[in-house]
Amino acid sequence: MSRLDEKQESGVAFITGVMGERFGGAFNEAATSSRFGSDITRMAAGWAFHDAWRHDGISRKEKSIAVISALIASRQSLELKNHVKIGLANGLAVEELEGLLVQLTPYVGFPCIASAQTAVITAMREAHVSPEDLPTSEERGLL
């Protein structure tokens, strides 16, 4: 079992605050264990969720827009779902998520956006903010 330093504890508190106790507890358990990947989780706690997310300069909402855009462009659908939920907690609206997908389409291409759209819709469903009867591209038979 590893002890967390102040920055790592701050990062765990941040992610717990935006993702909830269940996610935060699992993140803390991963960070304090000595299992495979725990070093990376501690790095994320201190560097990403403390240093970057708590840094002044732009708002949490703006940070979410930047991170979501980077994850879409790099086709990181699994992590994108987490950051859509973080973005919603940071004040992003469903309409803004759709606007972000539209804005990115000419820069990253339709295949990338189709995959991202599925991840975004799935995350919105899990966060209970998805418009009713909103199918993913896969569910519509487009992927």
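Just so it is clear, the model here is predicted, and its values are computed rather than measured.
Considering every non-hydrogen atom in both Ala31 and Ser2, the closest pair reads O-CB, 4.3 Å. Scanning both residues, Thr16 and Gly24, for their nearest heavy atoms gives OG1-CA, 3.1 Å.
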**Message:** Working note: Val84 + Leu71, criterion side-chain contact (heavy atoms from CB on, under 4.5 Å); need CA distance, chi angles, decisive distance, verdict.
**Reply:** CA-CA 10 Å; Val84 166; Leu71 292 171; over 6 Å; no
**Evaluation steps, side-chain contact (heavy atoms from CB on, under 4.5 Å), between Tyr107 and Ile72** = CA-CA 11 Å; Tyr107 300 97; Ile72 289 171; over 6 Å; no
List the atom pairs, donor and acceptor, that lie under 3.5 Å between side-chain atoms in residues 118-129 and the rest of the protein, sequence neighbours left out.
from	atom 1	to	atom 2	distance (Å)
Thr118	OG1	Ala114	O	3.4
Thr122	OG1	Thr118	O	2.8
Arg125	NH1	Glu139	OE2	3.0
Arg125	NH2	Leu134	O	2.9
Arg125	NH2	Glu139	OE1	2.6
Arg125	NH2	Glu139	OE2	3.4
Glu126	OE1	Lys85	NZ	2.4

Name each donor-acceptor pair under 3.5 Å that joins a side chain in residues 75-83 to protein atoms two or more places apart or in another chain, with its distance.
from	atom 1	to	atom 2	distance (Å)
Gln76	NE2	Ser74	O	3.0
Glu79	OE2	His83	NE2	3.4

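Residue pairs meeting the side chain to side chain donor-acceptor pair (under 3.5 Å) criterion with at least one member in residues 91-100, sequence neighbours excluded, are Lys61-Glu96. Pairs engaging residues 101-110 under the salt bridge (Lys or Arg N to Asp or Glu O under 4.0 Å) rule: none recorded [sequence neighbours left out]. Among residues at least two apart or in separate chains, ring pair (Phe, Tyr, Trp, His ring centres under 6.0 Å) pairs with a member in residues 25-47 are Phe27-Phe49. Within the structure, the salt bridge (Lys or Arg N to Asp or Glu O under 4.0 Å) test picks out the following pairs touching residues 30-48 (sequence neighbours left out): Glu29-Arg35, Asp39-Arg42.
For the side chain to side chain contact (heavy atoms under 4.5 Å, CB included) criterion with Ser69, the lone passing option out of Val108, Leu104, Leu101 is Leu104. Tested against Arg60, the residues Ile86, Asn90, Leu92 include a single side chain to side chain contact (heavy atoms under 4.5 Å, CB included) partner, Asn90.
Heavy-atom contacts from other residues, nucleotides or ligands closer than 6.0 Å to CD1 of Ile40 number 12 or fewer.
Of the possible donor and acceptor atoms, none in the side chain of Lys7 sits under 3.5 Å from a partner among the backbone N and O of His50. Distance alone, capped at 3.5 Å, is enough to place a donor-acceptor pair between the Ser38 side chain and the Ser33 backbone.
Contact check for Leu4 versus Asn28: side-chain heavy atoms found under the 4.5 Å cut-off. With a 4.5 Å cut-off on side-chain heavy atoms, Ser137 and Arg140 count as touching.
The OG atom of Ser59 sits 7.0 Å away from the CD1 atom of Ile65 when rounded to the nearest 0.5 Å. A distance of 10.5 Å separates CD in Gln8 from OG1 in Thr41, rounded to the nearest 0.5 Å.
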